[in-house]
Amino acid sequence: MKLELRGITKRFGDFTANDRIDLVVEPGTVHALLGENGAGKSTLMNVLFGLYDADEGEVLLDDEPVVFDGPGDAMAAGIGMVHQHFMLVHPFTVAENVMLGHEDVRGPAKLLDVEAARAKVREISERFNFNVDPDAVIEDLPVGAQQRVEIIKALSRDASLLILDEPTAVLTPQETDELLGIVKDLRDAGTAVVLITHKLREVQAVADTITVIRRGKVVGTAEPTASQEELASLMVGRAVTMRVDKEPAKPGETMLEVDGLTVVDAAGIVQLDDVSFEVKAGEILAIAGVQGNGQTELTEALLGVVPTDAGNATLDGEVITGRTIKEVLHSGIGFVPEDRTEDGIVASMTIANNLILDVHDKAPYAKGGALQPKVIADEARKHVEQFDVRATGIDQTTGSLSGGNQQKVVLARELSRPLKLLIASNPTRGLDVGSIEFVHKRIVAERDSGAAVIIVSAELDEVVALADRIAVMYHGRIVGIVPPDTDRDTLGLMMAGAHDEEEAA
Amino acid sequence: MSADSQTTEDRPDEGAPPEDRWRRALREIVESSSMVVFMAIVASMIIGGVLIIFADEAVRESAAYFFSRPGDTFSAIGDALGSAYSSMFNGAVLNLEASSFAGVIKPLTQTLTMATPLIFAGLGLGIGFRAGLFNIGAQGQLLMGATFGAYIGFAFSLPAGLHLLLAVIGCAVGGALWGFIPGILKAKRGAHEVIVTIMLNYVALYLVAWLLSLDAFQREGSDNPISPFVAETAQYPKILGVQFNLHLGFLLALACAWGAWWLMERSTLGFRLRAVGANPSAARTAGMNIGTATIITMVIAGGLAGLAGSAPVLGTQKFLTDAVAGTLGFDAITVALLGRSRPLGIVLAAILFGGLQASGPSLQVNAGLPVDIVVVIQALIVLFIAAPPLVRAMFRLPAPAHEKEVAA
Amino acid sequence: MTATVADAPAAPVSGAPIPPKKWGAAIALGVIALLSLIFFGFGTPAGSTTRFVIARKTDFIQLPSLTVPSELAAILLSLVGLALAGWVAYRANQRRKVGIWLPIVYGMAIMGALLTWAGAGREATSIQLTGLLTSSLFLAVPLVFGALAGTLCERSGIINIAIEGQLLAGAFLAALIGSMAGNAYAGLIAAPVAGALVGLLLAIFATKYWVNQIVVGVVLNMLVVGLTGFFFSTLMSDDPSLNQPIGLEKLPIPLLSKIPVLGPVLFNQNLLVYILYVAVAVLQIMLFKSRWGLRVRAVGEHPKAADTVGIQVNRTRIRNTVLGGAVAGLGGAFFTVASGLAFGKEMTAGKGYIALAAMILGRWSPRGALAAALLFGFADALRVQLGAIGSPIPSQFLAMTPYLATIFAVAGLVGHARPPASEGIPYKK
Amino acid sequence: ASAPEEETSSSATADTGAPAETVDFKACMVSDSGGFDDQSFNQSGYEGLTRAESELGIEIASAESSTEADFGPNIEAQVAAGCDLIITVGFLLSQATVDAALANPDVHFAIIDDLADNDFDGEIDAPNIKPITFETDEASFLAGYAASSVTGGTISTFGGMNIPSVTIFMDGYLAGANYYNDTNSADVKVLGWDGTDGQFTGDFSDQAKGKNVTETFLDQGADIVMPVAGPVGLGAAAAVESAGDAWLIGVDSDWTLTTDYADIIFTSVLKNIGNSVFDTISETIDAGFSTEPYVGTLENEGVGVADFAEGTVSDAVLTELDTIKAGIIDGSISVDLS
Ligand SMILES: Nc1ncnc2c1ncn2[C@@H]1O[C@H](COP(=O)(O)OP(=O)(O)OP(=O)(O)O)[C@@H](O)[C@H]1O
Ligand SMILES: Nc1ncnc2c1ncn2[C@@H]1O[C@H](COP(=O)(O)OP(=O)(O)OP(=O)(O)O)[C@@H](O)[C@H]1O
Ligand SMILES: [Mg+2]
Ligand SMILES: [Mg+2]
């Protein structure tokens, strides 16, 4: 199916998110849409999908103008979409989510044919090596698995135009490769694909055409042969370094010492099994592993979000396990959570307020139980500028920022107080290349100022680029700690559970 | 969706000549929320008018011979509506028929008096809503507050000032205690606050009924379930002289409104409560204790509802019965939501409700309307005020640039 | 018990995703059983007896009544309660849950102890078991319909505080139409129409004008109270033939109604009660097993997700709210035609709010709503039974029974209940 | 319908046929929160008021109170509207009535079911209030006695709330049954009231609960029930009717006339509020206002029992009842619970 967008304009209040955008997607091609955070990519796709009404402009399918009253119309016309913010019903199972909207039913009461839905999920899941249990409930799944469910949902409908809005943000490298393979297969079968991603490697791998959007306008197109540096500078409007420049670490005293930490969950499953390691001041320990192998529990146990069943952790000689979250934070830990909308920001509060969420009762933001609005505003302006948060002002609600800018708010908050230890889960998820460059610089600077840093990342590139040492987790245990120059195959093997080089680095 | 398209229609095109100043001023007036409130009252007057006409006997009688003398019907309709609306105004705002100045402004003071308990309770509920708690229990909290305050007021004899202070504190403590129960049950046991607070309303009612069956709570020489009078030393002084019912409680309510504003907007505690209300898991990750916030919120909300109980027992009625709460606790829910859980909004909404309530006697006695019609008209006014988009659509007013949603 | 508490891990932050061993239920059950032992067991005068009457005098099979030695029975029943609390503690230590049978058996034991104590030494009166159960069901009927209505609306994301108004409107129209037609069944058909109209208003204001749903609900309640009150004191009092006490007759189901105890309770009822059984069963299945139910729940949880798969969010919400209103309206018929009563002002007496609580207690499911309503009905029936035979508890405290029982149920047994995630939030594009 | 003559006076004319010439007098009434449809004292009082309107040709106005906060404002509004006599209903309005009376010495007040003596010094607290009260237990004593004479052994009663204006009915009823047991060495049981506490539905509106309570009494073997709970009593009536072999005792007014349940009404305990209101108004017009308290008793027929259902009470008992009534009137029989 051929898609054409003509002069699409979409405004939110006074803000123009899409400004007269023209776009043509030919059948049997992959069209990559690039742009920095908040450029208007998702908005454009939501207009196309019938979720938003365009203020101006028209959509043509196979050269016929169409008007979608809602996504139902778009789907009926053969458009499928993987949404950046998961459109999954949390208390439902995977199968229920996948069948929602086009359920197989039996009998006059239209009772659900759950077996058929399960079979469909299993079939797609097996075809693409997704390893998704059709009966798992969404809210129990890690975000990576949720992402796979979203993709299964879109694929289960045989669309002739498929929109993928950052489908790989939380996938493992292997899964990403599988998905890109699928995209190619679909393209070869004649499907038109729109791919939005911040990972230029993926663009180079599959895109046939590339359109770059900046601040709501189309600023140019690029050939798939263009280098990552070229694409990046087109997107961001300046030159971007794609590598992390950092001095070798100068590790100091041991800052964090974890000894035999064990976490058993309510169902009696051991999530963290006798984990011991240490991080020195001035070094970055990256934790690698396939998602769901205890990384989340490790960071949450250190913060005190989940109770520990055995073992302890000391920060700079002080025991931090068994303390309240507040005490842990105030002992000098910065925490960037894995799920930013759930745990990182309060969407309905302003940027300024989100920037003081965990320090709101500390000087200089508060004095004797009273907030200091002027200080808060001044600091907020400073942070917004420093971290390049794209917003109309510090009083904008955080929920109306684009996802990347929300992440910058979280980082700005956590990195702007003196830290002994920074724990960051997927700190650059969903960020554009320019922002990633910036965040990586900040993390390295944090290390160089003498803090210990723990990075949990699903992104092997990021792990290798940032880490001074890499700890690999598998089934709740640390299977090995290796130097950053360990080759990827070895890392891959360790992540798959092969024991190796115990305590090497 | 209709609001969407109106927004765009209304937007001055880029490059179009700047809007002329008068038109802009006019547009701002038309878009303003006070215009919407005004039109909402007009709309409910119109619909309520239909009912008034239906309820009016003279109209029905004259309608029976409408075709032989239609003029009668129209004049009867005019009379009915005229007397209803003027009664309403005379009862709630200014009594233009009164001979003295005091008589003229009396309705206004009555409106403020009636608004007093609603301000207190509405503030408490508003704080709860913003902290993510749906407290239906203002009724019970109010009753317990009234009970504690009244008991201190009639059972002790203390110097003026101190006695009032203690009685007022007693009201707050009684309500706070009744708020603490659902707070702690939610924090420790996950018990849904809506259920617990609804149930505690009934428990409070029967508890007070039982207390009032005891000699300690009854007037000497009587078996009626009425408490003795609260001592003069514990009564709110009248602030505009004895001919008006308006008492110090009103000023205290305004002070609480300012306090609630400060708490929620300017204090670290309020910040925590708001964060917990808006996203508990993010708040927890930022080191806030959800359980503690829940308990604190319910205690504050209960305390304010308890203070609402001081308005009748220390201000207007001056003794305790088990019906002292009337429907205040439920009205306060609407007041809080209508005021968008913000103190200023709550004060204004409470005054609107106070006015509606104050107009009731006049509507019944002077306009001869049955009390049920009064209730219906009041409900319509609230409904229209709560629905600005509907009112705009009815009167073809443009939507403002930023449509604010009505949400807690 | 204290020793086991001590080795429990540090108290988790409230709402922690991974809670440790839970002792709350065991402690609560233990304390209650202990109180029961002290008050009912040792508080019963020695040598007295309690008479339990199992069959009503109208029942087909007349089971003999049962007379037990009060003190012994109350002590034994309390000990059963204590033993069950111990079992819960044992299971909690293993982080295991107990089956649903436990609270039921426990409740029966403690209730038995209470009844034995209350009925001790009263020759003129007896504990009427069948009567108690019949009353429970009777008092639960409007609550079940109200809670079903609430469930239907809230599952689609609309908070229905207007249940009270829907019940009242249903009661009113049932009486009016039933009286005009001279046929109670006509009233039964009219009732849902009234409720649906109230539901429609709620739906329109909530979805089209984005008015806060709780405000609309409360205001609709006021509106219905005002309107029905107005027509009651004008229309109906001018012409009493418009408000007659006419009733649905009982339709005993052959054979089933002859089963001892349960037969007369469950199967000698009027049509409305049979509709209730069907409604609970059908809605339970439809809500959780059908396409319609899946879509409704999706709309209530995550309307945008539902929208992205082509489900019409606001249309679904309006439809469900109207349907919910109709169900509550039908329940309103209970107050008039189904009980053989004429309409009276505000005769629903706050049942709509209790139904709301039953909906939450029942965790937004039809089956749960039924159970919660029956619990409430039973507690209410219990207080009536105790009031009738006379008891040393002041009547005001007896009157608290249903409400306290509900608080114990949510705090002790049910714990955290999660509403549909998007309820109360208007869906705007 | 034809148009009335142009000159008809604007005030509503009586349609009872009574040739009431218009009197320049305005009588007003404020209800308590039960409202004028309460099937109880507000309603009876209001009937007296409307009867005065049609028979005496006076002007009337009324105001229902939704909550206690309305009491004062309602009275004040009636004062402002120029009412000559304001009648308030129920002890809850006592203080508001006294306050208004003191503030408006030239307006006349009457209060039903209260002595207007809030300081309990035995004096009316304002010089312009007439208290109207009823010795209802005298009448319910007779009802209790008569019920005991026809029952199979158990009679019952319940109230809306445990408050004196309700329990006075139950006291007399219980005392009457006790008196029957004493004089006839019988053993009639009274369920629902023991002189201090008993069965209460908790409100005055939930008819279904009234039905349920009554069914519970019937299960316990009671065959007569006296509900003292306003409209809730209609629920009791429905239960009695469907049981078929039981009787109901109405309260306040004659329930064979005011309800649809004439067939099952054993008798009614009458409390003639309507008459007392009418009499107070007409006396005030004819002879001027007096603060002389009105106390309705068996003697002045302010209270009484309606006719018993045919074929229930034996002639012998009817004779005994006459004797008892005389005894109560002359003080030789006490209706107090001993
Ligand atoms: N519903 C909305 N209301 C107001 N502003 C919005 C809304 N949706 C998006 N925006 C704003 O529009 C701009 C474009 O957002 P959009 O989500 O399209 O960006 P994006 O290109 O997808 O960015 P990212 O790479 O972060 O996903 C952002 O500045 C965002 O804040
Ligand atoms: N109605 C709304 N009001 C306010 N904010 C909204 C609204 N709808 C969406 N948003 C916010 O606007 C942003 C844009 O939404 P969208 O789904 O397009 O994400 P995005 O901008 O693509 O995110 P990312 O930056 O991660 O790519 C999101 O952060 C979303 O939370
Ligand atoms: Mg996006
Ligand atoms: Mg006196």
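What's counted below: heavy atoms across the whole structure, side chains too, no hydrogens, waters or symmetry copies. Chain A is the first sequence line, chain B the second, and so forth, proteins listed ahead of strands; every chain is numbered from 1.
Side-chain atoms of D197(D) come within 3.5 Å of backbone atoms of S395(C) as a donor-acceptor pair (strictly under, hydrogens ignored). Checked by atom type and distance alone, the side chain of Q128(C) pairs as donor or acceptor with a backbone atom of D219(D) at under 3.5 Å. Of the possible donor and acceptor atoms, none in the side chain of Q385(C) sits under 3.5 Å from a partner among the backbone N and O of T216(D). A donor-acceptor pair is defined here as one N or O able to donate and one able to accept, closer than 3.5 Å; such a pair exists between the side chain of Q220(D) and the backbone of S126(C). With K211(D) contributing its side chain and S339(C) its backbone, the two residues share a donor-acceptor pair below 3.5 Å.
By number of non-hydrogen pairs under 4.5 angstrom with chain D, the leading residue of G390(C), G344(C), P394(C) is P394(C). The candidate from L132(C), L398(C), D380(C) with the greatest count of non-hydrogen atom pairs under 4.5 Å with chain D is D380(C). For the set A399(C), S233(C), P245(C), the count of heavy-atom pairs under 4.5 angstrom toward chain D peaks at P245(C).
A salt bridge links D206(D) and K351(C); the closest N-O separation between the charged side-chain nitrogens and carboxylate oxygens is under 4.0 Å.
For a residue to count as touching a neighbouring chain, one of its non-hydrogen atoms must lie under 4.5 Å from one of that chain's; by this rule I246(C) does not touch chain D. Using a 4.5 Å cut-off between heavy atoms, Q43(D) makes no contact with chain C at all. Contact of D260(D) with chain C is made through the side chain alone, with heavy-atom distances under 4.5 Å. With a 4.5 angstrom heavy-atom cutoff, F204(D) does not touch chain C via any of its atoms.
Counting heavy atoms from C-beta on, the side chains of L191(D) and I389(C) never come closer than 4.5 Å. Within the 4.5 Å cutoff, the side chain of E215(D) has no heavy atoms near those of the V384(C) side chain. At least one side-chain heavy atom of N162(D) sits under 4.5 Å from a side-chain heavy atom of Q396(C). Within the 4.5 Å cutoff, no side-chain heavy atoms of Q207(D) are placed close to those of T336(C).
The salt bridge (charged side-chain N to carboxylate O under 4.0 Å, His left out) pairs that include a residue from residues 226-242 of chain C number zero, where partners must be two or more places apart or lie in different chains.
To the nearest 0.5 Å, atoms CG (D203(D)) and CD (E346(C)) are separated by 10.0 Å.
Counted within 6.0 Å of CE on M180(C), heavy atoms from surrounding residues, nucleotides or ligands total 12 or fewer; the atom is thus considered open.
Scanning all heavy atoms of the two residues, the minimum distance from L341(C) to G235(D) falls at CD2-CA, 3.4 Å.
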